[in-house]
Amino acid sequence: MRSFTYRSRCSGEVRVLVNYPHADELSKLIDKYTGCIMITPSSVSSLVSFNKCPRIIIKDGEEGKDIETVLDIIKKSIGNSLDRGGVMIGIGGGSTLDITGFTAAIYMRGVDYVNVPTTTLAMVDAALGGKTGVNAVGLKNVIGVVKQPSEIIVDLTFIKTLPTSNYLDGFSEVLKYGVTMDKGLFNKLSNNVDKVMSKDEGLLEDLIYGSLVNKARVVEADEYDKLGVRIVLNYGHTVGHALESASMFSISHGKAVGLGMVCESSIGVKLGYTASDVPSYLTELLSRLNLIQGIKVNTDSVLRAIAGDKKKSGDFLNLPMVTEIGDWIKVKIKVSEYLRLVRDSCTYLA
Ligand SMILES: NC(=O)c1ccc[n+]([C@@H]2O[C@H](COP(=O)([O-])OP(=O)(O)OC[C@H]3O[C@@H](n4cnc5c(N)ncnc54)[C@H](O)[C@@H]3O)[C@@H](O)[C@H]2O)c1
């Protein structure tokens, strides 16, 4: 069991608990509030052993992450007399936590919320940082706000029921924190892939704790993504998101980000920012984690998706570039130049 806190400019101190039983911690926490509701998808509901708050069951995964679900949660919260002193508890993967955070941010002009992540990706990434949102008008995360949770409770028992591909997907983000900011974390992952495969509890606690501490440090420095620090969390994601959408989401998020990091590091080598051995280190580790997928994606679709990236600023992209394992810098590149580099550097484009 390990814990830490980080500071939010708007919400104060956020407590992060790693490898704690969710039911015990939630029982203690709800005493502080006038009421509570719990939001969870149907596939996770049977795994939840906490029964002291009314449950709102939402649709699984991305399907439930829309404005209709928000309105449904609001209606049921009113029905359960949740007032401004109440708390919303999200228990699920990243989709559930995103929708819980967004609903909590707007319900009665804002109530507290608590994240209990149940996928690896949500444990190392989505649960912390306060970026909440829902999909609308055919676009992902197009509506959202930044609001930190009051508490994050990581309970490793949820990992047991995750399908292998879903379980491994989250390790791309662990690798991202390691390669950009934390060589020790990179080495811990690299030296213990066998323990990742066997879901070794001690190792998982270390990797999740290390990932969340790194992300919290970035969020404290640039909570609202205005100062150019938080962009480090996008490493591998500019190309990764384009691969996901160009492949009609047939490539998982973890694999797309993994391939994105290999491509972005190859570009970094070409531009002279990145040490020449970084792409091969990444490829080797991703392959041992079964996160390299041997499929080709249409080049034009990928380039079109990058050209439409919402992080673009005029004709330029501000991107994180790894210099050596555990360190990064911010780089500004003309979009047209970046598209040429992607075309020349990403080996999986067809
Ligand atoms: N806010 C952020 O900072 C942030 C960061 C990364 C990703 N995200 C968002 O997270 C979402 C992806 O999250 P995800 O990968 O966790 O997927 P998800 O929430 O879509 O869940 C995937 C599937 O796993 C099931 N599931 C969840 N926990 C389970 C368990 N313990 N056992 C068995 N099945 C379980 C879910 O019901 C669902 O069917 C995306 O919408 C993405 O935009 C947000």
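All of these numbers come straight from a predicted model, not from anything done at the bench. Because only heavy atoms are used, hydrogens play no part in the values below, and waters and symmetry mates are left out as well, while side chains stay in. Numbering of ligands and ligand atoms starts at 1, following listing order.
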Of all protein heavy atoms, the one nearest atom 14 (P) of ligand 1 is G94 N, 3.5 Å
The atoms of ligand 1 lying under 4.0 Å from a heavy atom of D125, numbered in the order shown, are 5 (C), 6 (C)
Where does N141 meet ligand 1, judged by heavy-atom distances below 4.0 Å: at the side chain, the backbone, both, or neither? side chain
Can you list the atoms of ligand 1 that are under 4.0 Å from a heavy atom of G93? 16 (O), 19 (O)
Where does L121 meet ligand 1, judged by heavy-atom distances below 4.0 Å: at the side chain, the backbone, both, or neither? side chain
Can you list the ligand 1 atoms lying under 4.0 Å from a non-hydrogen atom of D60? 36 (C), 37 (O), 38 (C), 39 (O)
Could you tell me the residue and atom name of the protein heavy atom closest to atom 16 (O) of ligand 1, and the distance to it rounded to 0.1 Å? T119 OG1, 2.5 Å
Taking atom 32 (N) of ligand 1 as the reference point, the nearest protein heavy atom with its distance: T161 OG1, 2.8 Å
Residue, atom name and distance, where the atom is the protein heavy atom closest to atom 11 (C) of ligand 1: S95 N, 3.5 Å
Would you mind listing which atoms of ligand 1 come within a distance below 4.0 Å of any non-hydrogen atom of F158? 30 (C), 31 (N)
Taking only heavy atoms of D98, which atoms of ligand 1 are found under 4.0 Å from at least one of them? 1 (N), 2 (C), 8 (N), 9 (C), 43 (O), 44 (C)
Distance to 0.1 Å, residue and atom name: give those for the protein heavy atom nearest to atom 34 (N) of ligand 1. L162 CD2, 4.2 Å
What's the shortest distance from atom 25 (C) of ligand 1 to any protein heavy atom, and which residue and atom give it? S43 OG, 3.8 Å
Is the shortest side-chain N to carboxylate O distance from R15 to E25 below 4.0 Å? yes
I'd like to know if K255 pairs up with D169 as an ion pair, taking the criterion as any Lys NZ or Arg NE/NH1/NH2 lying under 4.0 Å from an Asp or Glu carboxylate oxygen. no
When you look for heavy atoms under 4.0 Å from ligand 1, do you find them on the side chain of I159, its backbone, both, or neither? neither
Among all protein heavy atoms, pick the one closest to atom 3 (O) of ligand 1 and tell me residue, atom and distance. K215 NZ, 3.6 Å
Could you pull out the closest heavy-atom pair between S8 and V14, with the gap in Å? CB-CG2, 4.5 Å
Between D182, D200, D206, which is the residue that forms a salt bridge (Lys or Arg N to Asp or Glu O under 4.0 Å) with K188? D206
With a 4.0 Å cut-off, would you call D222 and K226 a salt bridge? no
Check each heavy atom of L97 against ligand 1 and say whether those closer than 4.0 Å belong to the side chain, the backbone, both or neither. neither
Distance-only N or O hit between ligand 1 and K131, under 3.5 Å: yes
Under 4.0 Å from one or more heavy atoms of N166, ligand 1 contributes atoms 22 (C), 23 (C), 24 (O)
Say whether K65, considering both its backbone and side-chain N or O atoms, lies within less than 3.5 Å of an N or O atom on ligand 1. yes
Which atoms of ligand 1 have any heavy atom of L47 under 4.0 Å away? 30 (C), 31 (N), 32 (N)
Less than 4.0 Å between a side-chain N and a carboxylate O, is that true for D225 and K131? yes
Name the closest protein heavy atom to atom 26 (N) of ligand 1, giving the residue it belongs to and the distance to 0.1 Å. V44 CG2, 3.9 Å
Could you tell me whether T118 approaches ligand 1 through its side chain, its backbone, both or neither, with non-hydrogen atoms closer than 4.0 Å? both
Does this structure show an ion pair linking D300 with R304, if we count only N-O contacts that are shorter than 4.0 Å? no
Please could you name the atoms of ligand 1 that E62 approaches to less than 4.0 Å, counting only its heavy atoms? 20 (O), 40 (C), 41 (O)
Is the F4 to Y209 ring centre distance short of 6.0 Å? yes
Can you tell me if NZ on K199 sees more than 12 non-hydrogen neighbours from other groups inside 6.0 Å? yes
When rounded to the nearest 0.5 angstrom, what is the spacing between NZ in K28 and OH in Y20? 8.0 Å
